Amino acid sequence: TVPAFDVTTQNDLLVAFNNGPDGSGINGLTHPDYVTLDFKHVLSNVQLRLTLDEDDFFEPTEDGGKRQVGYAYVSIVGFNNISTTGTLTASGSSVQWGSYGNGQMRLNYTDNPLQVTLERQDFFGEDGLLVLPQELAEADVELFMQVVIYPLGHAGERITKDFHIPLNSVMTEWEPNKKYLFVGVLTQELVIDFSVTQVIDWMDDTLGGFIVN
């Protein structure tokens, strides 16, 4: 049992179960010569990408190219009203989360905003954000983004907009040992169209001689 695990510390959490190479278990009558531990993540991993709408933020040039006429920067990004603490109980060959406590997880880039471009930009960093597995049915569970936009030619106009995007509009739950990729497109109308483009098992990795799935 892992009581009151706080995901805001961003420590990964893995669990391994072992039945011995012959299925007899490590306490069976036949003691194995080796023990295989198959580790699995019991957290979820979320990645976020936001790009510009090319038609809205660029205009054609006489030489056939494109010129950027608007800019956007993310100053705050994260989640509101999600479960940030919980108790993990491992029993037999299964894990169970419970005793959730709610809060928010936000990354503050106010002093150094991240520019939104046409290229790939991972706004939770290359490794993504670790979150607790949980249901996302409640309407107040949301993705929060504060975006500063300089529209139409960067003529000194500056618009700061807070986006509150209910997660239940794009998915129903975060499952353990899964990675989720959110992709959004920002338009000049100050709308972000979000979708979940990929849900995959966490990729294999090797840590300290263990094979970690």
Side-chain angles (χ1 to χ4, degrees), residues 1-19 37-50 74-110 114 122-147 161-184 192-205 207 210-213:
T1 300
V2 182
F5 179 82
D6 185 355
V7 74
T8 62
T9 62
Q10 287 299 279
N11 292 315
D12 201 356
L13 184 61
L14 301 98
V15 169
F17 296 99
N18 174 69
N19 288 319
L37 295 176
D38 184 18
F39 283 85
K40 300 220 178 266
H41 296 272
V42 290
L43 298 175
S44 307
N45 187 297
V46 176
Q47 184 55 269
L48 170 68
R49 293 177 191 159
L50 179 65
V74 172
S75 53
I76 302 174
V77 59
F79 298 103
N80 291 336
N81 305 313
I82 65 170
S83 298
T84 57
T85 61
T87 295
L88 175 77
T89 303
S91 177
S93 60
S94 64
V95 296
Q96 183 77 33
W97 281 99
S99 302
Y100 283 120
N102 290 345
Q104 68 180 24
M105 295 177 66
R106 289 187 181 181
L107 304 181
N108 191 335
Y109 300 112
T110 304
L114 301 178
D122 294 328
F123 286 91
F124 291 148
E126 292 184 1
D127 296 328
L129 195 67
L130 301 177
V131 294
L132 291 183
Q134 58 195 275
E135 300 286 338
L136 302 172
E138 300 297 329
D140 60 350
V141 179
E142 62 185 17
L143 172 66
F144 175 83
M145 299 187 73
Q146 185 176 88
V147 183
K161 181 174 175 61
D162 291 345
F163 291 90
H164 298 264
I165 302 168
L167 291 183
N168 65 2
S169 66
V170 291
M171 61 173 37
T172 59
E173 65 177 325
W174 287 328
E175 296 183 64
N177 204 46
K178 298 283 187 182
K179 281 190 173 183
Y180 298 87
L181 173 61
F182 286 78
V183 174
I192 299 179
D193 180 21
F194 266 102
S195 63
V196 179
T197 62
Q198 195 174 24
V199 180
I200 61 175
D201 288 332
W202 224 323
M203 296 185 66
D204 292 346
D205 200 359
L207 297 175
F210 294 119
I211 303 299
V212 181
N213 292 324

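As the structure is a computational prediction, the values presented were derived from the model and not from experiment.
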If we ignore hydrogens and angles and just use 3.5 Å, is the side chain of Ser75 paired with the main-chain N or O of Gln146 as donor and acceptor? yes

Looking at Tyr180 and Glu175, would you say the former's side chain and the latter's main chain have a donor-acceptor pair under 3.5 Å? yes

Taking all heavy atoms of Phe123 and all of Val77, pick out the closest pair and write down the distance. O-CG1, 4.0 Å

Sub-3.5 Å donor-acceptor pair from the side chain of Gln134 to the main-chain atoms of Leu132, do we have one? yes

Angle between ring planes, Phe79 versus Trp174, binned at 30° and 60°: parallel, tilted or perpendicular? perpendicular

Is the side chain of Asn81 donor-acceptor paired with the backbone N or O of Glu142 at a distance under 3.5 Å, no angle test? no

Considering all heavy atoms of both residues, which atom of Asp127 and which atom of Asn45 are nearest to each other, and what is their separation? O-ND2, 3.0 Å

Can you see whether Thr89 engages Gln96 through a side-chain donor-acceptor pair at a distance of less than 3.5 angstrom? no

Any side-chain heavy atom of Asp12 within less than 4.5 Å of one from Leu43? yes

Testing Leu14, Val15, Leu130 one by one against His41 for a side chain to side chain contact (heavy atoms under 4.5 Å, CB included), which residue passes? Leu14

What distance do Asp122 atom CG and Leu181 atom CG have between them, rounded to the nearest 0.5 Å? 8.0 Å

Where Gln47 and Glu126 come nearest, the two heavy atoms and their spacing: NE2-O, 3.7 Å

Would the number of heavy atoms belonging to other residues, nucleotides or ligands and lying under 6.0 Å from CG of Asp140 be above 12? yes

Main chain of Val42, side chain of Trp97: is a donor-acceptor contact present, judged purely on distance under 3.5 Å? yes

Is there a side chain to side chain contact (heavy atoms under 4.5 Å, CB included) between Met145 and Leu50? Walk through the geometry before answering. CA-CA 10 Å; Met145 299 187 73; Leu50 179 65; 3.5 Å; yes

Neighbour count above 12 (heavy atom, 6.0 Å) for Glu138 CD: no

Approximate separation, where rounding is to 0.5 Å, of Phe144 CZ and Ile82 CD1: 14.0 Å

Are Tyr100 and Thr85 close enough, and set up right, to give a side chain to side chain contact (heavy atoms under 4.5 Å, CB included), and what steps lead you there? CA-CA 6 Å; Tyr100 283 120; Thr85 61; over 6 Å; no

For Phe163, does the six-membered ring have the charged nitrogen or CZ of Lys161 within the cation-pi criterion, i.e. under 6.0 angstrom from the centroid and within 45° of the normal? yes

Inter-residue atom distance Thr84.OG1 - Phe5.CZ, 0.5 Å rounding: 11.0 Å

To the nearest 0.5 Å, tell me how far Leu107 CG sits from Leu129 CG. 6.0 Å

Can you see whether Asn102 engages Ser83 through a side-chain donor-acceptor pair at a distance of less than 3.5 angstrom? yes

